[in-house]
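Here is the naming used below: chain letters follow the sequence lines, and residue numbers restart at 1 for every chain. What you see below is based on every heavy atom in this structure, not just the backbone, and it leaves out hydrogens, waters and symmetry mates.
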Amino acid sequence: MGNPPGNDRQFMEAESNGSERKSLEQRAQMTELERLRHSCAHVMATAILRLWPDAQFAYGPPVENGFYYDVELDHRIAPEDFPAIEAEMKREIKANHVFEKVVVTRDQAIIDARSGRLGGLSERPGQVSKFKLDLLNQIPEGEPISYYRSGDFVDLCAGPHVMRTGNIGAYRLTSVASAYYKGDERNPQLQRIYGTAFKNKTQLEEYFKMLEEAKRRDHRKIGQEMGLFFMDAEYTGPGMPLWLPKGTVLVEELEKLAKETEFAAGYVRVRTPHLAKERMYLTSGHLPYYAESMFPPMELRAEGAQQRQLTETETQLQTSQFDYFRQIFPEWDGEWCGKFPPGMDLGKELSRRMQKRPDSERQEAEGKLQKLGEMSLFRSALVPERYYLKAMNCPHHHRIFAAEPRSYRDLPLRLAEYGCCYRYEQSGELFGLMRVRSLNMNDAHIYCTEEQFADEFRAVNDMYLKYFKVFGLEKYQMRFSTHAKAGLGKKYVDEPELWLKTEDLVRRVLQESGINYVEVTNEAAFYGPKIDVQVWSAIGREFTIATNQVDFAVPARFGLVYKDRDNALKTPLCIHRAPLGTHERFIGFLIEHYAGNFPLWLAPEQVRVLTLNDDTALVDYAKPIVTELRANMVRVEGDFSANPIKAKIADAETSRVHTMLVIGARDMEAGNVSVRLHGKGPQGAKPKGEVLAEILSAIRERRA
RNA sequence: GCCAGUUUAGCUCAGUGGUAGAGCAACGGUUUUGUAAACCGUCGGUCGUCGGUUCGAGUCCGACAACUGGCUCCA
């Protein structure tokens, strides 16, 4: 009876999921907390089955902050169902079932899956544990097949688990979302029930407290409160923030920081347009593979040019010229796509072909052309030209490298730019400032020789560490993504030796400089190994803030070369780096990190001078303080109104003004100002000059 | 793009198929005050958009848009 196992395969394999399946060794390394969470997923499945016996389960792994189980079920599980599920879970945990491992044969497992027993409380006649059956087929021959049983619930599972259900100290269901089986949209859509679990209640509560704090620090909320940016989806478009004056302060302070740092490190600044011709991205290799992530091209076509208000004469001239053009270019039939080789200079080709025509005809045509005034009009009316908004700066920088002959003496060449890029992120991906469609990158490309690479790469890392210090980031990690042999020629450029050599260089620098890093295979960029920089905010949430890439492929595609000592032309290596990532994401991160309470050098309003009342003498004493600070480029405002000082202070505090200078008659008479710091309360009265000097030096030194 | 939820004044949010509300902000006054909110008044709305059901729709139904939580994606 029964088909061979392979015939039960009915689901699509997600393409990138080759590495998803954990090996037995990896599973054995599951932490105590991960075991507990994975066990909790089984308990949750048990509870769901008690309520809805038809439920079919797929994957149920532990994840970063908890666990989930994917389930197929007609009933739509909503948060309102959570209490009922949690109540059933409580019963399972109280029963304190043992997680019992049962090793079975493949044949037995197939029989059980067909009877609906796997991922169920009992055999379910007429129901096949279809996802379990599919998972079974993925288990390589020779690898043991095991179940885990806890009470009535039996699941195909390699474990490991905690000893008993009673070991699950504290748990809570958190959310429900949809997910495709194996992440492939051709597969059935499942409900993904998320939960989290901890050893004890205290840890669970701490976790939810952290989430609460993150919610309180949500950059969208604080950005709104502080008037930093504005999302104008209806007019500007979704995912394209408008930076308000106070948010622009943050952007420009970050730019200033980067410009100073990069200048000191020997970078030079360049500026490039936001658009480039299609050819740019054909050469770079981004088209057509990444076209979906780019805004659709702008096409300058014949119709486009004709929409310009041509005079009647111009139109006539152009029409007769078109006829002439058709004679010269018989391959043209009004459509251009693919008729001529890309990049062909049609102007030159036209003159070349015209030279072969009789003199009289040529002279007449030339006369008309001259009357038309501009060859460019002629050409732009005929040649479809596609322009793309740039999604990255590197191609433009490559062209700058190519703009003049380079010698080894010019290297390393470090080109830096605040490039504004546009990426057509899927609508569902957009998220506040963290995921946007228009972004400003703290970008630079370092062109260097192989010998220089290690030093350059080390210097880039040092710059990261320096920034971490400025922002008080204590925890970071660099994720070093390398290639996998199997992907060569497909996912990765087919340069086996270059890959190994570059990865080795990178690895050595990371090790030598004592950088905290982890290595992950098969996640590199198309053209070279990549390093994602992860940082943790003040409340312990992880953010991927920047990416570093080594590129040994694209410079060659652009034909970039330098002349080496031996007079030979060589292709430089290129390091892409953006330590502050995009301003959008970095500022989003900083808002959470500082909870909007920025250090003095970053604060949108650094100082506010508050008078106790609007007495003329007092205002006359306060005004020059404002003027002097302003003259020193301090962002300062004055509040000299007759409102009660309590109200004025409350206003300044809610606006998160960093330093408040409170001035009453007492201060005036002593030549003092009373200092109050946001969130820290009054700091006492000090001589005016002393306070001003202190403010200026704190800003200059970017003190925390 | 897919699944689900949300959308009411500048902001935070009430609103039971039957006359659109509050607090804060803004604006106009009054108040002359020592470290987180003094008082009075005024203004503010196509209830996301479009369509449907109904005598009547902020409320019920549908489509679209945007946002949010996930999925996929993130060179």
Is the distance from OP1 or OP2 of A65(B) to the nearest side-chain N or O of Y235(A) less than 4.0 Å? no
Nearest-neighbour nucleotide for the R192(A) side chain, G34(B), A75(B), C71(B) considered: C71(B)
Could you state the atom-to-atom distance from CZ of R220(A) to P of A66(B) in whole Å? 17 Å
Can we say E213(A) and R216(A) salt-bridge, meaning some charged N sits less than 4.0 Å from an Asp/Glu carboxylate O? yes
Distance-only, no hydrogens or angles: does the R437(A) side chain make a donor-acceptor pair with backbone N or O of E425(A) under 3.5 Å? yes
For RNA chain B, determine which residues of residues 604-614 of chain A have any heavy atom closer than 4.0 angstrom to one of its atoms, and list them numerically. L612(A), N613(A), D614(A)
Atom OH of Y207(A) with >12 non-hydrogen neighbours under 6.0 angstrom: yes
How would you label the contact of T547(A) with the nucleic acid (heavy atoms, under 4.0 Å): base, sugar-phosphate, or nothing? nothing
To the nearest Å, give me how far apart CG (L439(A)) and C1' (C74(B)) are. 11 Å
Using nucleotides 37-47 of chain B, report all nitrogen or oxygen pairs with the protein that are shorter than 3.5 Å.
{"unit_1": "A38(B)", "atom_1": "N6", "unit_2": "N643(A)", "atom_2": "OD1", "d": "3.4"}

Do any N or O atoms from the side chain of R608(A) and from the backbone of M660(A) form a donor-acceptor pair under 3.5 angstrom? no
In Å, rounded to the nearest 0.5 Å, how long is the span from CD1 of I591(A) to CZ of R220(A)? 11.0 Å
5' precedence on RNA chain B between V662(A) and A525(A) (nearest-nucleotide basis): V662(A)
Does T582(A) reach the main-chain N or O of R585(A) with its side chain, forming a donor-acceptor pair under 3.5 Å? yes
Note, RNA chain B 5' to 3' with Watson-Crick or G-U pairs under 3.5 Å encoded as ( ), [ ], | and . gives (((((((..((((....[..)))).(((((.......))))).....(((((..]....))))))))))))....
Base, sugar-phosphate or nothing for A665(A)? Non-hydrogen atoms, less than 4.0 Å. base
Measuring from the side chain of L430(A) (C-beta onward, heavy atoms only), which nucleotide among C67(B), G34(B), A75(B) has the closest atom? C67(B)
Taking atom C1' in both U35(B) and G15(B), what distance in whole Å separates the two? 40 Å
Taking any heavy-atom pair under 4.0 Å as a contact, classify G432(A): base, sugar-phosphate, or nothing. sugar-phosphate
Among C71(B), U72(B), U35(B), the one nearest any side-chain atom of Q426(A) is U72(B)
Is the base of C71(B) touched by the side chain of E429(A) through a donor-acceptor pair closer than 3.5 angstrom? yes
Starting at atom CG of D615(A), determine the distance to atom P of U31(B), rounded to an integer number of angstrom. 14 Å
Got a donor-acceptor contact below 3.5 angstrom from the Q606(A) side chain to the L600(A) backbone? yes
Without decimals, in angstroms, what is the distance between M226(A) CE and A25(B) C1'? 17 Å
Checking all strands, does I649(A) fall into the base, sugar-phosphate, or nothing category for heavy-atom contacts under 4.0 angstrom? base
Between atom CZ in F229(A) and atom C1' in C67(B), what is the gap in whole Å? 13 Å
Quiz question: going by heavy-atom distance under 3.5 Å, is there a donor-acceptor pair between the base of U35(B) and the side chain of E653(A)? no
Determine the Euclidean distance between corresponding P atoms of C13(B) and G48(B); express it in Å to zero decimal places. 15 Å
Can you tell me how far C1' in G51(B) sits from the matching atom in U16(B), rounded to whole Å? 26 Å
Could you tell me whether the side chain of E653(A) and the main chain of G679(A) form a donor-acceptor pair under 3.5 Å? yes
G1(B) phosphate, OP1 or OP2, under 4.0 Å from S427(A) side-chain N/O: yes
What donor-acceptor contacts under 3.5 angstrom involve side-chain atoms of residues 221-249 of chain A, with partners at least two apart or in another chain?
{"unit_1": "E225(A)", "atom_1": "OE1", "unit_2": "R656(A)", "atom_2": "NH1", "d": "3.2"}
{"unit_1": "T248(A)", "atom_1": "OG1", "unit_2": "W243(A)", "atom_2": "O", "d": "3.4"}
{"unit_1": "T248(A)", "atom_1": "OG1", "unit_2": "L244(A)", "atom_2": "O", "d": "2.8"}

Polar atoms only, N or O, under 3.5 Å: list the protein pairs with nucleotides 5-12 of chain B and their distances.
none

Reckon T544(A) touches a base, only the sugar-phosphate, or nothing at all at heavy-atom distances under 4.0 Å? nothing
To the nearest angstrom, how far is R435(A) atom CZ from C67(B) atom C1'? 16 Å
Atom C1', compared across A9(B) and U46(B): separation rounded to whole Å: 13 Å
Any donor-acceptor N/O pair, K132(A) side chain to G119(A) backbone, under 3.5 Å: no
Supply the atom-to-atom distance E584(A) CD to M441(A) CE, rounded to the nearest 0.5 angstrom. 10.0 Å
Residue met sooner reading RNA chain B from 5', once P238(A) and D667(A) are mapped to nucleotides: D667(A)
Taking the cut-offs as 6.0 angstrom to the six-membered ring centre and 45 degrees off its axis, would you call R37(A) and F67(A) a cation-pi pair? no
Could you tell me whether the side chain of D551(A) and the main chain of V554(A) form a donor-acceptor pair under 3.5 Å? yes
Flag, side chain of H483(A) to backbone of W499(A), donor-acceptor distance under 3.5 Å: no
In whole Å, I'd like the distance from the CD atom of E425(A) to the C1' atom of U72(B). 12 Å
Is the ring centre of H397(A) less than 6.0 Å from the ring centre of Y447(A)? no
Side chain of H396(A), backbone of L275(A): donor and acceptor closer than 3.5 Å? yes
Between H576(A) and Y527(A), what is the ring plane arrangement, given parallel below 30°, perpendicular above 60°, and tilted in between? parallel
Separation between the C1' atoms of G52(B) and U19(B), rounded to whole Å: 25 Å
Pull out every residue in residues 675-687 of chain A that has a heavy atom closer than 4.0 Å to any atom of RNA chain B, ordered by number, or say none. R676(A), P682(A)
Rounding to the closest angstrom, what is the interatomic distance between U6(B) and C47(B) at atom C1'? 14 Å
In terms of the angle between their ring planes, are F598(A) and Y594(A) parallel, tilted or perpendicular, with boundaries placed at 30° and 60°? perpendicular
Can a donor-acceptor pair be found, under 3.5 Å and without considering hydrogens, that links the side chain of N672(A) to the backbone of S674(A)? no
For Y68(A) and G69(B), what is the distance between atoms OH and P respectively, to the nearest whole Å? 19 Å
Integer angstrom distance from the C1' of A14(B) to that of G58(B): 12 Å
Taking the C1' atom in each of U30(B) and A66(B), what is the distance between them to the nearest angstrom? 44 Å
